[in-house]
Amino acid sequence: MKINVKNQKVVSKCIIKVVIIMNVGYAACIILAVFFLILGIMFALLKEKGAQFVSGFRILNHPEKYDKANISRDMRNQCFIYFVILSIGAILSYFLSAYIALAALLVWLIIFFHNFNLDAEKAFEKYLIH
């Protein structure tokens with residue numbers, strides 16, 4: 001049985017491309033999951049002081065009018081939700097298919113931008129102390 005060297009090189013290049021794609025999705029999910037886990041732990045440990053690290057909080061006119069503990073708690077919960085989504089995507093993409101990492105990243109992006117707001121006053125209006 002003769003093995004065509006040219007065909008063998010093409011097949012090995014295709015296999016390498018598939019492995020690289022799988023590793024990229026897996027790596028992206030793992031890196032983001034670890035990042036959000038660290039952020040979630042940071043917000044959990046800092047409690048009220050963690051509100052200072054939320055984007056847009058420092059530019060508010062009267063930051064003392066906002067419930068800082070609730071802001072930090074919500075950010076902690078969001079980070080842990082992101083961690084869970086990305087961890088599940090990484091685990092499933094490692095064992096099943098590289099496309100699951102893309103689906104996990106898409107779900108994360110949808111949730112992330114759903115919570116995203118350009119106006120700081122509007123973003124923090126639900127945390128106003130009455």
Side-chain angles (χ1 to χ4, degrees):
M1 183 170 136
K2 278 185 152 182
I3 297 175
N4 190 346
V5 176
K6 188 175 182 180
N7 287 342
Q8 186 178 5
K9 287 181 181 180
V10 171
V11 170
S12 65
K13 284 182 182 180
C14 290
I15 291 172
I16 290 171
K17 286 180 183 179
V18 169
V19 169
I20 289 173
I21 290 171
M22 181 179 73
N23 288 338
V24 168
Y26 170 76
C29 283
I30 284 292
I31 290 169
L32 285 171
V34 169
F35 175 72
F36 284 117
L37 177 65
I38 292 169
L39 279 177
I41 291 171
M42 182 190 78
F43 281 112
L45 293 176
L46 291 176
K47 298 186 180 177
E48 285 187 14
K49 294 178 185 176
Q52 295 296 324
F53 297 106
V54 177
S55 178
F57 184 76
R58 292 187 201 175
I59 64 169
L60 292 173
N61 292 334
H62 301 287
E64 65 275 356
K65 293 183 179 181
Y66 296 91
D67 186 8
K68 294 175 189 167
N70 200 10
I71 292 170
S72 186
R73 187 173 33 254
D74 280 354
M75 287 305 296
R76 177 200 67 196
N77 293 343
Q78 282 181 12
C79 287
F80 286 145
I81 288 170
Y82 298 158
F83 166 73
V84 168
I85 291 169
L86 293 167
S87 296
I88 291 171
I91 292 167
L92 292 178
S93 72
Y94 184 78
F95 290 110
L96 298 178
S97 171
Y99 295 110
I100 295 175
L102 295 175
L105 288 169
L106 182 66
V107 168
W108 168 71
L109 280 173
I110 290 169
I111 293 172
F112 181 80
F113 284 113
H114 176 69
N115 296 327
F116 186 78
N117 205 331
L118 291 176
D119 184 20
E121 297 290 334
K122 187 177 177 184
F124 293 103
E125 69 184 6
K126 67 179 180 180
Y127 302 111
L128 275 170
I129 300 172
H130 298 286

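This chain uses plain numbering: 1 for the first residue, then up along the sequence. Quick caveat: nothing in here was measured; it's all calculated off a predicted structure.
Both Ile81 and Phe113 sit in one connected hydrophobic cluster of ILVMFWY residues. Membership requires side-chain heavy atoms under 4.5 Å apart, directly or through other members. Linking Ile, Leu, Val, Met, Phe, Trp and Tyr residues whenever their side-chain heavy atoms come within less than 4.5 Å places Val107 and Phe116 in a single cluster. Placement of Ile31 and Ile38 in two distinct hydrophobic clusters is found when ILVMFWY residues are connected by side-chain heavy-atom separations under 4.5 Å, directly or transitively. Residues Leu102 and Leu106 do not share a hydrophobic cluster, defined by chaining ILVMFWY side chains whose heavy atoms lie under 4.5 Å apart. There is no path of hydrophobic side-chain contacts, each under 4.5 Å, that joins Val54 to Ile59.
The two atoms that bring Tyr66 and Ile71 nearest to each other are CB-CD1, 4.1 Å, heavy atoms only. The shortest heavy-atom contact between Lys68 and Glu48 is CB-O, 3.7 Å. A pairwise comparison of heavy atoms in Glu121 and Leu60 identifies OE2-CD2, 3.6 Å as the closest pair. Scanning both residues, Ala90 and Cys29, for their nearest heavy atoms gives CB-CB, 3.6 Å. When all heavy atoms are compared, the tightest approach of Ala101 to Tyr26 is CB-N, 4.1 Å. When all heavy atoms of Ser72 and Gly50 are compared, the pair lying nearest together is OG-CA, 3.9 Å.
Atom CZ in Phe124 sits 10.0 Å away from atom NZ in Lys126 (nearest 0.5 Å). Put simply, CD1 on Ile111 and CD1 on Ile85 are 3.5 Å apart, with the number rounded to the nearest 0.5 Å.
Checked against side-chain contact (heavy atoms from CB on, under 4.5 Å), Ala28 has the following partners two or more places apart in sequence or in another chain: Leu105. For the side-chain contact (heavy atoms from CB on, under 4.5 Å) test, residues two or more places apart in sequence or in another chain that qualify with Asn70 are Asp67, Arg73, Asp74, Tyr127.
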- request: Start with the C-alpha distance between Ile30 and Tyr94, add both sets of side-chain angles, then the distance that settles side-chain contact (heavy atoms from CB on, under 4.5 Å), and finish with yes or no.
  value: CA-CA 10 Å; Ile30 284 292; Tyr94 184 78; over 6 Å; no

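For the side-chain contact (heavy atoms from CB on, under 4.5 Å) with Phe83, the qualifying choice from Leu32, Leu39, Val34, Leu37 is Leu37, the only one to do so. The side-chain contact (heavy atoms from CB on, under 4.5 Å) test with Phe43 is passed by exactly one of Lys49, Gln78, Met75: Met75.
The aromatic rings of Trp108 and Phe36 sit tilted relative to each other, their planes meeting at an angle between 30° and 60°.
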